[in-house]
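No experiment lies behind these values; they were computed from the predicted model shown. Lettering of chains follows the sequences in order, A, B, ..., and the numbering in each one begins at 1.
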Amino acid sequence: MHSKTLAEISAGLQQGDFSSVEITRAFLDRIERLSPELNCYITVTDKQALQAAEQADQQRSEGKAGPLTGVPLAHKDIFCTRGVKTSCGSRMLDNFIAPYNAGVVERLDSAGMVMLGKTNMDEFAMGSSNETSFFGAVKNPWDLKAVPGGSSGGSASVVAAMLAPASTGTDTGGSIRQPASLCGITGLKPTYGRVSRYGMIAFASSLDQAGPMTRTAEDAAMMLNVMSGFDSRDSTSVDREVPDYTANLSDSLKGLKIGLPKEFFGEGLDAAVADTVQAALKEYEKMGAELVDISLPNSGLSVPTYYVVAPAECSSNLSRFDGVRFGYRCENPTDLEDLYKRSRGEGFGEEVKRRIMIGTYALSAGYYDAYYIKAQKCRRLISDDFTKAYEKVDVIMGPTAPSVAFNMGEKTEDPVSMYLSDIYTIAVNLAGLPGMSVPAGFVDGKPVGLQIIGNYFDESRLLNVAHQYQQVTDWHKQTPDAYK
Amino acid sequence: MSLDASEVEKIAHLARLGIDEKDVPDYAENLSRILGLVEQMSVVDTSHVEPMAHPLALAQRLREDVVTETNQRELFQENAPAVEDGLFLVPKVIE
């Protein structure tokens, strides 16, 4: 039962093959057995889950069920969930019980989905390996020595190990797509503004966006249908009609123009990963798509630009954690300054402190123009490259990550080497475009992700392009032996 | 760009972050490395480029100036480390 996709669970519930309580219990049993080793859940909400499942079955018996009523899922622990610990992977919020639901959680709740628990993540979503979590590293179900990627590493791990059929994630510089790639699942970061950020703990507000993490593109479409839409409580939410993302999944790809940026296939890319991506592109050619060589000349600026913009925004956003209104407070503060400094010093981990300091430095008097304004100018150059590219092509493809999952501890000593795991994903956030990662093969038994980048609000096309690939390949159906 | 110990301490103070003295050299090294990465931005001439603050060129939405939040002080203060009579407690700031 646990190996079913979201679409299959939805159909099974509709046909009465099983109840929501039965499928929810099946996942809770697996979580109890298998989650401790992977360390992929921070909180398991078993009691609430069974209650919600009972309610969903009741609704169904009254003929009031929608396509996702009674279908279980997991939430990244960055989304506020009323009455449930919402830690953001940090000691700072280890004691925080959210007093309200995030917009995304509200929408999925209203659709009748059943929350199984909250997934582990890099602290405040800052990391690419899930090793910065206060609750310990998450393991990759394909290789327990390897990282699952980050920051949505727990979300990717639970879907890959089938400890939930789907999960929510967030993506600031690649945090949905990179772990999806490293764990062999499907992940979608929508256009900035498509999904509400209300109640999603802020890291870098001009970059953060929530999206679905699933086994198939069809499942991602079903979830995105519910997650998307205007929310007046998020000042950057876009008031724009939400199409039915499942409607165009079956469209033909004949004549589709796929742009291949030469910068995504150059130095820094693992040769075996490059071969795997090339094989995926051949499949697209067989389906009638046309491959077009393009250039994103400023994409090399993405990582440097991101490591000014994101820390600057994070230093501002995380100033709210002051040990006064909520979150961690140090013991016996001598005065107010001591209270601030020790609460923040003890409550935040190393990587978060590093980023707050970089951001503080970049925004400080005398350095603002040289770092922050310069980064905003580079951001425009990066974004303009995409605008020009989309005059010639429909989607852009390349690798999601430069390598398969690396080993734990391999990149923790040098933050810059860790940052380079996101070289192909970061530009997409800076431009605000939608992007996906879909499983495209294996290197040394570890999954490789193909990245598909779309134009603004072109999620329907992305999902169609991903779904068609999943009709002619079965990489997305592979599951790690230990978790079958 | 390389930061020394006193600069690291100054930045930590500006950010109100307590860091152990023994960790300062590590921070100096890693922050300098990150700034080295960031400096790669200087290879492009951006003198005629308009800064981009936000991915979608949107105007800030305005709303009617009416009350939209209900008072939930008690609920919110359940997460506060120290509260008395509905007030947040902090160490004495005025002698």
Notebook entry, point to check: Do B:Gln40 and A:Tyr307 meet the criterion of a side-chain donor-acceptor pair at a distance under 3.5 Å?
Noted result: no
Test item: B:Val44 and A:Cys378 side chains (from C-beta on) under 4.5 Å apart, heavy atoms: yes
CD (B:Glu9) and CE (A:Met357) are apart, to the nearest 0.5 Å, by 10.5 Å
The reported gap from CG in A:Leu430 to CE in B:Met52 (rounded to nearest 0.5 angstrom) is 7.5 Å
Among A:Tyr340, A:Phe348, A:Tyr419, A:Tyr306, the residue with the most heavy-atom pairs under 4.5 Å to chain B is A:Tyr419
Is there a side chain to side chain contact (heavy atoms under 4.5 Å, CB included) between A:Ile356 and B:Ile11? Walk through the geometry before answering. CA-CA 9 Å; A:Ile356 290 175; B:Ile11 298 166; over 6 Å; no
For A:Val324 and B:Pro81, the nearest pair of non-hydrogen atoms, with its separation, is O-CD, 3.2 Å
Given B:Ala82, B:Gly18, B:Ser42, the one with more heavy-atom pairs under 4.5 angstrom with chain A than any other is B:Gly18
In short, A:Ala370 meets B:Met41 closest at the heavy-atom pair O-CE, 4.3 Å
query = Heavy atoms, side chains only, cut-off 4.5 Å: are B:Val90 and A:Arg329 in contact?
reply = yes
When rounded to the nearest 0.5 Å, the distance separating OG of A:Ser205 from NE2 of B:His54 is 9.0 Å
- Query: Less than 4.5 Å apart, any side-chain heavy atom of B:Glu78 and any of A:Pro99?
  - Reply: no
- Do A:Lys353 and B:Ile19 touch side chain to side chain, with heavy atoms closer than 4.5 Å? yes
For this session: Keeping the roles fixed (side chain from B:Asn79, backbone from A:Ile97), state whether a donor-acceptor pair exists under 3.5 Å.
Result: yes
Heavy atoms of B:Pro91 and A:Leu339 approach each other most closely as CD-CD2, 3.7 Å
If only atom types and distance count, is the side chain of A:Arg380 paired as donor or acceptor with the main-chain N or O of B:Glu50 below 3.5 Å? yes
Pair count under 4.5 Å, heavy atoms only, with chain B: among A:Asn429, A:Leu336, A:Asp338, A:Leu318, highest is A:Leu336
Margin query: Do A:Tyr361 and B:Leu3 have side chains that approach each other closer than 4.5 Å (heavy atoms only, starting at C-beta)?
Written below: yes
- Query: Is the closest side-chain heavy-atom distance between B:Leu75 and A:Tyr100 below 4.5 Å?
  - Reply: no
### Query
Going through the distances and angles, do B:Leu17 and A:Lys341 end up as a side chain to side chain contact (heavy atoms under 4.5 Å, CB included)?
CA-CA 5 Å; B:Leu17 277 177; A:Lys341 283 189 172 173; over 6 Å; no
Open item on the list: Any heavy-atom pair between the side chains of A:Val238 and B:Leu56 that's under 4.5 Å?
Closed with: yes
Correct closest heavy-atom pair for B:Asn30 and A:Glu413 would be OD1-O, 3.9 Å
Close side-chain approach of B:Pro55 to A:Ser383, heavy-atom, < 4.5 Å: no
For side chain to side chain contact (heavy atoms under 4.5 Å, CB included), just list the numbers for B:Glu39 and A:Tyr371, CA-CA rounded to whole Å, side-chain angles, deciding distance to a tenth of an Å, and then say yes or no. CA-CA 8 Å; B:Glu39 240 124 73; A:Tyr371 287 107; 3.1 Å; yes
Report task. Please check if the side chain of A:Arg344 supplies one atom and the backbone of B:Arg16 the other of a donor-acceptor pair under 3.5 Å. Result -> yes
- Item | B:Arg61 side chain vs A:Asp234 backbone, donor-acceptor pair below 3.5 Å | yes
